[in-house]
Amino acid sequence: MSRATPPLKTELAAWQVQWQQLDWPQLRRSLLNWYQHQGRSLPWRGETDPYKIWISEIMLQQTQVKTVIPYYQRWLEQFPTVQSLAQADQQTVLKAWEGLGYYARGRNLHKAAQQICQQHQGEFPRQLEQVLALPGIGRTTAGGILSAAFNQPLAILDGNVKRVLARLTALPVPPKQVIKMLWAVSEALLDPQQPHDFNQAIMDLGATVCLPKQPTCLLCPWQQACYAYADHRQNQLPMRTPSAPLPVKKIGVAVIRNAAGQILIDRRLEEGLLGGLWEFPGGKIEPGETVEACIEREIREELDIAIAIDEHLITIDHAYTHFKVNLQVYLCTYGSGEPKPLESQEIRWVDLDQIDEFPFPKANQQIIQALRDRAAANR
DNA sequence: TAGTCGTGGGC
DNA sequence: TGCCCAAGACT
């Protein structure tokens, strides 16, 4: 067997030799100079309160700056201190997080605030180990917070840094395969004298110049040093492994109304997808099963009640990270039996007017809107 | 280690 | 339209 390309280990060894020859001091100088003139102005930039920096770092996980800004500002008005967050109830916290996604971030933020109050007298910890012990904070977020709040010399490795480093060093494999080695690069590159500005600068570079698609290399302070640019491979890096098409789950959903005109909603289990949020009950349509049969079965299994299915309300297609759903939503009428939360934390009958008090996932908001539209049309 | 975990922007 | 991707953490 002959190989078209060198073995992976040989290739990575050559890569390591190559990136270690980069001129670190020069890279630091040029980046910091660029940052001084071209850095972004952001609400949390220049902030020294570790609580506020922490909130911004959590919100920014896998979420774009533009999306975060309004949430960040509302959050600090509602929960201005660690104490105020710790004392809030989880539903209030999730309502404030509603729409941001990855809801474990909101739940962990709440838990961590309580931990900080109990274990650190309400003061955000400054020791790396203690910060890493807080739920929802990994190595990148810890480095981001401690470098931004206290100028501690800790490297980061977020999506921006991975992309920038993959291009700067012409990484011959997808970043995911060599995370440990990329941490070493990030640590070697970090400016130990100005870790705060350096980390902010490299993220700004990734977010505004070294873009995922069509990077503007002509504006890049690292153009002269960049191995990807030298090889005209900036549009091919970082490498990525092709992903399989997302599976589609078909779901039957019931909007169950009682004689008082109230609607039955349930609160999802604490762990897992959309944990702690409210929803309209329903479940997966089994092969060969009709939507109506599915809904009747799911409602019996989840709530132990009998219902009548009235009419189709709306169909919703929604994409999550690892699958897609097709929601077939039907208006239903409560029949008999006392509803029990057999597969949820809690259930409740609510008026349409009260439903805004509860945090719902995005796909369910479309159902609520359809109910509002229908109520308005019948008026 | 590879899956799980949301939503919106941008093309 | 459908797909990639975003200041990742957790199991």
Side-chain angles (χ1 to χ4, degrees), chain A residues 39-40 42-45 53-72 94 97-109 111-112 131-148 154-164 174-180 182-183 186 196 198-208 210-215 235 238-248 268-277 279 316-325 359-366:
Chain A
R40 290 176 293 179
L42 301 170
W44 44 86
R45 192 149 282 175
I53 293 169
W54 170 41
I55 298 302
S56 74
E57 290 287 341
I58 300 299
M59 287 186 171
L60 286 162
Q61 289 172 0
Q62 298 288 279
T63 310
Q64 294 185 347
V65 165
K66 179 184 285 186
T67 303
V68 164
I69 289 176
Y71 280 91
Y72 173 77
L94 286 177
W97 198 268
E98 184 182 47
L100 254 188
Y102 286 142
Y103 295 93
R105 293 184 295 170
R107 300 196 302 272
N108 285 333
L109 216 39
K111 286 184 215 161
V131 174
L132 287 171
L134 297 170
I137 300 184
R139 189 170 172 186
T140 284
T141 300
I145 296 170
L146 291 175
S147 66
L154 295 169
I156 57 175
L157 190 62
D158 70 332
N160 287 311
V161 178
K162 286 176 195 167
R163 184 174 57 256
V164 169
K176 198 175 179 182
Q177 295 181 14
V178 289
I179 290 299
K180 201 169 178 180
L182 282 174
W183 271 107
S186 185
H196 174 304
F198 182 89
N199 280 341
Q200 299 300 313
I202 194 169
M203 285 192 285
D204 276 14
L205 187 68
T208 65
C210 197
L211 302 164
K213 292 170 186 171
Q214 304 289 18
N235 288 310
M239 297 178 68
R240 55 185 181 81
T241 49
S243 55
L246 300 180
V248 180
R268 293 174 62 89
L269 296 177
E270 187 73 6
E271 304 296 325
L273 185 72
L274 306 168
L277 272 70
E279 67 174 1
I316 297 165
D317 288 306
H318 188 77
Y320 295 101
T321 307
H322 289 280
F323 62 94
K324 300 178 183 179
V325 290
F360 280 86
K362 180 66 179 171
N364 278 254
Q365 309 251 2
Q366 297 181 52

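Computation of the quantities below employed the complete heavy-atom set of this structure, encompassing side-chain atoms and omitting hydrogens, waters and symmetry-equivalent molecules. The chains referred to below are lettered A, B, ... by the order of the sequence lines, with proteins before strands, and numbering in each begins at 1. Small disclaimer: the values here were computed from a predicted structure and weren't measured.
In this structure, the side chains of A/F198 and A/I156 stay at 4.5 Å or more apart for every pair of heavy atoms. Taking the side chain as every heavy atom from C-beta outward, A/K176 and A/T241 never approach each other to under 4.5 Å. Taking the side chain as every heavy atom from C-beta outward, A/Q365 and A/E98 approach each other to under 4.5 Å. Contact annotation: the side chain of A/D158 never approaches that of A/T141 to less than 4.5 Å [non-hydrogen atoms, C-beta and beyond]. For the pair A/I145 and A/S56, the minimum side-chain heavy-atom distance is 4.5 Å or more.
Across all their heavy atoms, A/Q200 and A/R45 have their closest contact at OE1-NH2, 2.8 Å.
Residue contacts for A/S243: at a heavy-atom cut-off of 4.0 Å it reaches the sugar-phosphate backbone alone, with no base atom in range. Using a 4.0 Å heavy-atom distance criterion, A/W44 is classed as a base contact. Here A/I145 lies out of heavy-atom contact (under 4.0 Å) with every strand. Residue contacts for A/I137: at a heavy-atom cut-off of 4.0 Å it reaches the sugar-phosphate backbone alone, with no base atom in range. Note on A/E98: nothing from the nucleic acid sits closer than 4.0 angstrom, heavy atoms only. Across all strands shown, A/G144 has no heavy atoms under 4.0 Å from either base or sugar-phosphate atoms.
With rounding to whole Å, A/L246 atom CG is found 11 Å from B/dT4 atom P. Between A/L60 atom CG and C/dG8 atom P the separation is 8 Å, expressed in whole Å. For the pair A/R268 CZ and B/dT4 C1', the interatomic distance rounds to 13 Å; values are reported in whole Å. The nearest whole Å value for the distance from the CE atom in A/M59 to the P atom in C/dA7 is 16 Å. Between the CD atom of A/E270 and the P atom of B/dT4 there is a distance of 20 Å, rounded to whole Å. As rounded to whole Å, 12 Å separates atom P of C/dA9 from atom CG of A/L134. One atom, CD1 of A/I156, and another, P of C/dA6, lie 14 Å apart when rounded to the nearest Å. Whole-Å rounding puts the A/E57 CD to C/dG8 C1' distance at 11 Å.
With both ends at atom C1', the span from C/dT1 to B/dG8 equals 16 Å, rounded to whole Å. Comparing C/dA7 with B/dC11, their P atoms sit 15 Å apart, to the nearest whole Å. Nucleotides C/dC4 and B/dG3, compared at atom P, are 16 Å apart to the nearest Å. Across the C1' atoms, C/dC5 and B/dC5 are found 15 Å apart, a figure rounded to whole Å. Distance check on atom P: B/dG6 versus C/dT11 gives 14 Å, rounded to whole Å.
Residue whose closest nucleotide on DNA chain C sits further toward the 5' end, between A/Q200 and A/P242: A/P242. Of the residues near DNA chain C, A/R240 and A/A142, the one whose nearest nucleotide (by heavy atom distance) lies more toward the 5' end is A/R240.
Contact check, A/K324 against C/dC3: a side-chain N or O comes under 4.0 Å of OP1 or OP2.
Between A/Y320 and A/H322, a ring centre-to-centre spacing not shorter than 6.0 Å is recorded.
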For a quick check, with a 4.0 angstrom heavy-atom cut-off, what is the B/S/- contact string for nucleotides 5-11 of chain B, read 5' to 3'? BBBBSS-
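Below the 3.5 angstrom threshold, one finds a donor paired with an acceptor across the side chain of A/R40 and the base of C/dA7.
The backbone N or O of A/G136 sits nowhere less than 3.5 Å from a side-chain atom of A/R105 that would complete a donor-acceptor pair.
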